[in-house]
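Okay, structure first, notes after.
In what follows, chains carry the letters A, B, and so on, assigned in the order in which the sequence lines appear, proteins first and then strands, with residues in each chain numbered from 1.
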Amino acid sequence: MTEPLRPVAQVPEKPSLDGLEDRWSQAWGENGTYAFDRTRPREQVFSIDTPPPTASGSLHIGHVFSYTHTDCMARYQRMRGREVFYPMGWDDNGLPTERRVQNYYGVQVDTSLPYDPDFTPPYAGDVPKKHRPTPISRQNFVELCLTLAAEDEKSFERVFRYLGLSVDWAQTYQTISPVAQQTSQRAFLRQLARGEAYQIEAPTLWDVTFQTAVAQAELEDREREGAYHRISFHSADGPVFIETTRPELLAACVALVAHPDDERYQPLFGSTVTSPVFGVEVPVLAHQLADPEKGAGIAMICTFGDTTDVTWWRELNLPTRTIIGRDGRILAEPPAAIASAEGLAAYERLVGLTVFSAQKTMVELLTESGDLHGEPRKISHPVKFFEKGDKPLEIVSSRQWYVRNGGRDADLRESLVKRGKEITWYPGHMESRYENWVDGLTGDWLLSRQRFFGVPFPVWYRLNDAGEVLYDDPLVPTEDQLPIDPATDVPEGYTPEQRGKPGGFAGDPDVLDTWATSSLTPQLAGRWERDPEFFETVFPYDVRPQGHDIIRTWLFSTVVRANAEHDCLPWHRAAISGWILDPDRKKMSKSKGNVVTPLGLLEQHGSDAVRYWSASARLGADTAFDEGQMKIGRRLAIKLLNASKFALSFAGDSQVTLDPVAVTEPIDRAVLAELAGVVDKASTAFEAFDHARALELSESFFWTFTDDYLELVKDRAYGGEAAAVSPEAIASARAALWLSLDTLLRLFAPFLPFATEEVWSWWREGSVHRAAWPTSDTLRLAAADGDPALLPAAGGALAAMRKVKSEAKVSQRTAFVSAELAVRSGQQALVAAVAGDLKSAGRVAGELTVTTSTDADAGAIGVTGELLPPEPKQPK
RNA sequence: GGGCCUAUAGCUCAGUUGGUUAGAGCGUCGCGUUUACACCGCGGAUGUCGGGGGUUCGAGUCCCUCUGGGCCCA
């Protein structure tokens, strides 16, 4: 701890927190305080794979919360002498940005439109309610996305700088940048070459509103009202009754299914029945997923009503009879299985209807044929939704790209579970979240998205002489050509004129899932394949901080990609932050309208205050939104300023000195002995990624330090009004105060970066944030034989004297004529050692004597003494 | 239905491998305007550690069970 001292401390007359955020964040930027030095060897580097926030709209208080956790960790590591690689990224590609652009500018993509270089959007954030979206070309739309994302990113950066994140802003990346596109496409092509990426025609969950395929990780079950419709199928032996919530899919029915052990239906297995209205003959089959308790215990299997239908379809080898299109409406073409004139006529009535209307019409048809029995019975059941959507998903059959993630491959799954065990999780129990997810995967990672603002698949397809797409053996670019856009770029050996022509080529129209880029943040920020030396310096990363809600998406997919590409983990540790709950213990979210804007909070309470509230929460623990805690944080920061001013004021015009040898008084040694213990324990806590404990230890010491220790030594440090204070005793108090301050500023620096930096600047050169984390050795040297037990003993004695005055309802300033402290046996020597300071702090005019209490159960210290009458108030 | 977490003062939370009388801050009540601090200081009161059972000399802490809350997955 040899950071240089200023010749004379410059302490403001009235220290204040106001304006510190702007002043210091600007200074840190100018001085490169948090700039990453890439020349340091790997073992001295601490690298953090920070979550890139979605740059659409506004930041959530949850961002402030979890990023503060990361920042505390980063600052600790930096003070420990590690060169911290702490980049920030913006996740700007994908649906959220598209939605925001649509709403903000009042536009909508029409892929048939050509690019208009002079296009200006009709609105900018002021779209009237009546406005119907203006159709624009895909390229114009992408340009608007880029423009708006850049603006959002600027405002995010402002908030994060104001919050005091020690990010190296020169390392910022975007998930839509050319470099991100190059990285994602490169990783995809390599997975394609290794056979880890593949495309197949398969049932795909489809969001009708967003016109896109949805992956397992984006699914969400929501309870929805439905109704069992009791419908009769026909057989030679009479009717078979089924109950279904989706009668509109009757035309897509391919079989009935019941549980193999279900005695009611065992006689039917192997036979066929005929569907009502459409007259299609379907088999009755047995499968253990059929639930005897559900509905009639026998279900119809359709193409495809839900994911169980898909399982049955696959495992029972059933045909497909698709009737719902990607627009969510009934297809014009009836399934070939419907042959009768009546059946075709009935189908005709459904064509073009939405699922909702088709159900109504189907009910009419069934009623007319007499095959609907009784009133539909209302139930509530879970229905699959896209997590960002608001209509139930349909299942369509389509050609999509997938990446192997263990969902269909036991060996890969096992190795990914093993990777999870190699990660050190904070808190440890988060590992089970990961394991549950990997174990529960039912399919590979669906990579294709039918979106516009994303990274295109770097793939073209040949067209045969009939102009049909040949999906096998796609045309791919070389890595040095990346990034490419197959919609505008042309594959090797073809000319632009051949696009879409028989014998020519066609670009893959889809974009990669955003996680296909986000899962590469370690590679992206680490300059993979662009700067090998740099990559070696930061990869694998030391830690991945994130929230537990995205373990299944971001964390898992990042493991999948690193495992495939580098055959290792992308980072050694995962630090998982909890969520913010509102006072009713509900997760705060935009839809609930209980979100608070972070910048307003930061400005109201001060960044250090909000950081204090955030940092008080342990990793993984959900936390109540509590402005009261922020007020405490603010008080703590102000206290730090004031106590520092007090301590530094004793230097006068001479230089502050940090001289351990000058500490000679027992109480001064005791306080440093105690502080040495705090330093050790806080360091241990930080090493275990327990920033909350480190803060708590430092904070509780600090309150005692100001409430008791400062009061006790105040007079002595001033020079002793009561005379009879030796120069050595004065120097001892001052040295102890300065040594304490030096350590306390370092201990609080990760939590209160603004207040600590402010105080540091009064008397030190450089930044506290590049200063060394405190060690206990200097403190122990100064503490020598100091006994930490002296501190609570002296504090107790002081409190006892205060209590007498408080109960006598007199000012604390009131003096005792004389006083006798009766303390527990064993404590007498301790209290006597502080008698001089107690006498002045307690304002004992005459003798202060310390005796042993005879009261056996007395924990408290007895005080007897006569108080002087209060001085009459001086007229001003 | 399976898994994970959680329950400590009115509130928000500590309580490290089991070990004296369970702590902090807020809030509340009372006192006090003292030159570090009115964005203040000092002091007081406040707990069947969710319920029940068990292990142990000893349980807020370990085990079982029930109940409430939260999340993830079916």
Side-chain angles (χ1 to χ4, degrees), chain A residues 11-18 216-217 219-221 289 291 293 307-308 382 384 427-442 547-552 576 578-579 581 583-587 605-606 609 612-613 616-618 620-650 681 684-685 688 690 692-693 695-697 699-700 703-704 706-708 710-711 714-715 717-718 737 741 798-814 841 843 857-860 870 873:
Chain A
V11 184
E13 192 51 43
K14 179 84 181 161
S16 163
L17 296 176
D18 297 333
Q216 189 179 351
L219 289 181
E220 190 171 283
D221 275 356
L289 276 182
D291 185 352
E293 306 286 317
T307 50
T308 319
K384 296 237 176 291
H429 67 79
M430 287 296 174
E431 188 194 332
S432 59
R433 297 264 177 133
Y434 173 93
E435 222 170 290
N436 288 349
W437 173 252
V438 181
D439 277 337
L441 286 171
T442 56
H548 54 75
D549 49 334
I550 50 174
I551 288 174
R552 64 178 181 155
I576 310 294
W579 281 340
L581 308 176
D584 299 328
R585 308 212 66 83
K586 296 277 178 271
K587 186 188 172 188
H605 299 284
Y612 168 87
W613 160 72
S616 300
R618 290 165 301 147
D622 292 346
T623 297
F625 178 74
D626 187 354
E627 293 195 68
Q629 288 300 114
M630 297 173 199
K631 288 178 181 155
I632 297 165
R634 185 172 180 86
R635 189 175 303 181
L636 177 67
I638 292 170
K639 197 81 163 172
L640 190 62
L641 296 182
N642 286 321
S644 300
K645 176 192 168 192
F646 172 71
L648 293 173
S649 67
F650 297 118
K681 281 181 270 186
T684 305
D690 190 352
R693 176 119 184 98
L695 171 57
E696 192 202 345
L697 286 159
E699 186 194 357
S700 84
W703 291 130
T704 309
T706 56
D707 290 352
D708 293 347
L710 285 190
E711 293 301 325
K714 189 179 270 185
D715 269 12
Y718 271 126
L737 286 172
L741 178 63
L798 183 59
M801 289 194 285
R802 285 168 175 159
K803 187 175 170 181
V804 168
K805 295 177 188 177
S806 193
E807 284 175 352
K809 308 202 171 192
V810 297
S811 159
Q812 292 295 327
R813 202 178 200 175
T814 309
R843 295 183 185 267
D857 66 352
K873 285 190 181 175

With a 4.0 Å limit, can you tell me whether [X] has a side-chain N or O closer than that to the phosphate oxygens OP1/OP2 of [N]?
X: Lys639(A); N: rG41(B); answer: yes
X: Arg618(A); N: rA14(B); answer: yes
X: Lys14(A); N: rA38(B); answer: yes
X: Arg552(A); N: rC73(B); answer: yes

Would you measure the distance from the [atom1] atom in [N] across to the matching atom in [M] and give it in whole Å?
N: rC71(B); M: rG58(B); atom1: P; answer: 40 Å
N: rC62(B); M: rG23(B); atom1: C1'; answer: 22 Å
N: rC29(B); M: rA22(B); atom1: C1'; answer: 23 Å
N: rU8(B); M: rG51(B); atom1: P; answer: 10 Å
N: rA7(B); M: rG19(B); atom1: C1'; answer: 24 Å
N: rC57(B); M: rC72(B); atom1: P; answer: 45 Å

Quick check for you: among [options], whose closest atom lies nearest to any side-chain atom of [X]?
X: His429(A); options: rA14(B), rG43(B), rC5(B); value: rC5(B)
X: Glu696(A); options: rU12(B), rG25(B), rA14(B); value: rA14(B)
X: Lys803(A); options: rC71(B), rG44(B), rC39(B); value: rG44(B)
X: Asp622(A); options: rG70(B), rG43(B), rA14(B); value: rG70(B)
X: Lys809(A); options: rG30(B), rA74(B), rC71(B); value: rG30(B)
X: Arg802(A); options: rC42(B), rC37(B), rU33(B); value: rC42(B)
X: Arg433(A); options: rA74(B), rU34(B), rC4(B); value: rC4(B)
X: Arg813(A); options: rC26(B), rU34(B), rC39(B); value: rU34(B)

Counting only distance, no hydrogens or angles, is the base of rG44(B) paired donor-acceptor with the side chain of Ser806(A) under 3.5 Å?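 It does not, because no donor-acceptor pair links the side chain of Ser806(A) to the base of rG44(B) below 3.5 Å.
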Quiz item: Arg635(A) side-chain donor-acceptor pair to rC39(B) base, under 3.5 Å: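 It does not, because no donor-acceptor pair links the side chain of Arg635(A) to the base of rC39(B) below 3.5 Å.
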With sugar-phosphate meaning primed atoms plus P, OP1 and OP2, does [X] contact a base, only sugar-phosphate, or nothing at under 4.0 Å between heavy atoms?
X: Ser811(A); answer: sugar-phosphate
X: Thr684(A); answer: nothing
X: Asp707(A); answer: sugar-phosphate
X: Ala799(A); answer: sugar-phosphate
X: Asp690(A); answer: nothing
X: Leu710(A); answer: base

What is the ring orientation for Phe625(A) with Trp613(A), classed by angle as parallel under 30°, tilted 30 to 60°, or perpendicular over 60°?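 Perpendicular, since the angle between the ring planes exceeds 60°.
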Any strand is fair game: report the nucleotide pairing with rC40(B) by Watson-Crick or G-U wobble, both distances under 3.5 Å, or none.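 Checking every strand shown, rC40(B) finds its partner in rG32(B), with both distances under 3.5 Å.
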